[in-house]
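I have placed the structure first, in the form of structure tokens, so that the comments after it can refer back to it.
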Amino acid sequence: MKDPDCIFCKIAAGEIPAMKVCEDDAALAFMDIGPLAEGHVLLVPKTHAETLDGMSAEQAAAVLRHLPALVGAVKAATGCEGVNVLQNNGRVAHQVVPHVHFHIIPRNSGDEFHFNWPAGEYPPGRAERLAESIRDNLSG
Ligand code: 5GP
Ligand code: ZN
């Protein structure tokens, strides 16, 4: 399924160009046009889904199976020290292109990419209640 207004659907269909690095029936990986570091690659499903929870487990598995090799190839090609795999869902989570994509971002000490990671703490009982609710939603 393709969204006619979606830029990544158009790339997946070959309607607009991209620098491809691997491809099969389910997935496509290509160079990010605005790299956070040299070698920044995007991995996308060929079927349109806006966010990860809109994909079936089978569709997701068919895309994610490419990640280990891609991470290894990006490391080998760039000589980077580490790699972040990022996947944003929703504008509030910094998703700009509303078609599921995984960022594969080479990392080196002293690079310009910084996380704000404000780790918090649960009040007593809160984590248990949330875990129960998540379990219920998984089984429901
Ligand atoms: P997001 O913020 O949605 O997680 O990331 C979208 C990514 O898509 C950005 O890193 C941006 O540079 C990349 N991008 C947006 N439009 C294009 C395009 O037309 N071609 C390619 N190759 N990358 C794109
Ligand atoms: Zn799309």
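Whatever order the structure lists ligands and atoms in, that order sets their numbers, starting from 1. Values below: every heavy atom of this structure, side chains too, minus hydrogens, waters and symmetry copies. Being a predicted model, the structure only gives us computed values, none of them experimental.
Here the shortest heavy-atom pairing between P106 and T78 reads CB-OG1, 4.0 Å. When all heavy atoms are compared, the tightest approach of V74 to C80 is O-SG, 4.4 Å. A pairwise comparison of heavy atoms in M31 and V41 identifies SD-CG2, 3.8 Å as the closest pair.
Looking at atom 2 (O) of ligand 1, its nearest protein heavy atom turns out to be H94 O, 2.7 Å. At the top of the distance list for atom 22 (N) of ligand 1, counting protein heavy atoms only, stands M31 O, 2.9 Å. Regarding atom 23 (N) of ligand 1, its nearest protein heavy-atom neighbour is I33 N, 3.2 Å. Summary of contacts: the protein heavy atom closest to atom 15 (C) of ligand 1 is V97 CG2, 3.9 Å. Nearest protein heavy-atom neighbour of atom 9 (C) of ligand 1: D32 OD2, 3.3 Å.
Only the side chain of L42 comes within 4.0 Å of ligand 1, judged by heavy-atom distances. For M19, no heavy-atom contact with ligand 1 is shorter than 4.0 Å. Both the backbone and the side chain of V96 come within 4.0 Å of ligand 1, judged by heavy-atom distances. Residue contacts with ligand 1 for F8 involve side-chain atoms from C-beta outward but no N, CA, C or O (heavy atoms, distance under 4.0 Å).
Considering just the N/O/S atoms of H48, the one nearest the Zn ion (ligand 2) carries the name ND1. Considering just the N/O/S atoms of H99, the one nearest the Zn ion (ligand 2) carries the name ND1.
Considering the Zn ion (ligand 2) as centre, the angle to SG of C9 and to SG of C6 is 120° (10° rounding).
Close approach to H101 involves these atoms of ligand 1, each under 4.0 Å from a residue heavy atom: 1 (P), 3 (O), 4 (O), 5 (O), 6 (C). Applying the 4.0 Å criterion to heavy atoms of F30 picks out, from ligand 1, the atoms 21 (C), 22 (N). Close approach of ligand 1 to G34 is summarised as follows: ligand atoms under 4.0 Å from at least one heavy atom of the residue are 12 (O). The contact set between ligand 1 and Q95, taken as ligand atoms under 4.0 Å from a residue heavy atom, comprises 3 (O). Under a 4.0 Å criterion applied to the non-hydrogen atoms of I7, ligand 1 contributes the atoms 19 (O). Of all atoms in ligand 1, numbered sequentially from 1 with element shown, those under 4.0 Å from a heavy atom of H103 are 1 (P), 4 (O), 5 (O), 7 (C), 10 (O).
F115 and F113 have tilted rings, their planes meeting at an angle from 30° to 60° on a 0 to 90° scale. H40 and H103 have tilted rings, their planes meeting at an angle from 30° to 60° on a 0 to 90° scale.
Note on L52 and L67: same hydrophobic cluster, where clusters join Ile, Leu, Val, Met, Phe, Trp and Tyr whose side-chain heavy atoms are under 4.5 Å apart, directly or indirectly. Criterion: ILVMFWY side-chain heavy atoms under 4.5 Å apart, direct or through other members. Under it, L64 and V21 are part of a common hydrophobic cluster.
A salt bridge links R65 with D24: the closest approach of a Lys/Arg side-chain nitrogen to an acidic carboxylate oxygen falls below 4.0 angstrom. In this structure, E15 pairs ionically with K2, as a charged nitrogen and a carboxylate oxygen lie closer than 4.0 Å. Salt-bridge annotation for K20 and E23: present, with a side-chain N of the basic residue lying under 4.0 Å from a carboxylate O of the acidic one.
Contact check for Q87 versus F102: side-chain heavy atoms found under the 4.5 Å cut-off.
The shortest separation from a heavy atom of I11 to ligand 1 is under 4.0 Å, placing the residue in contact. At a 4.0 Å cut-off, not a single heavy atom of Q87 sits close enough to ligand 1 to count as contact.
Side-chain contact check for E81 and S109: at least one donor-acceptor pair (N or O, by modelled atom type) lies under 3.5 Å.
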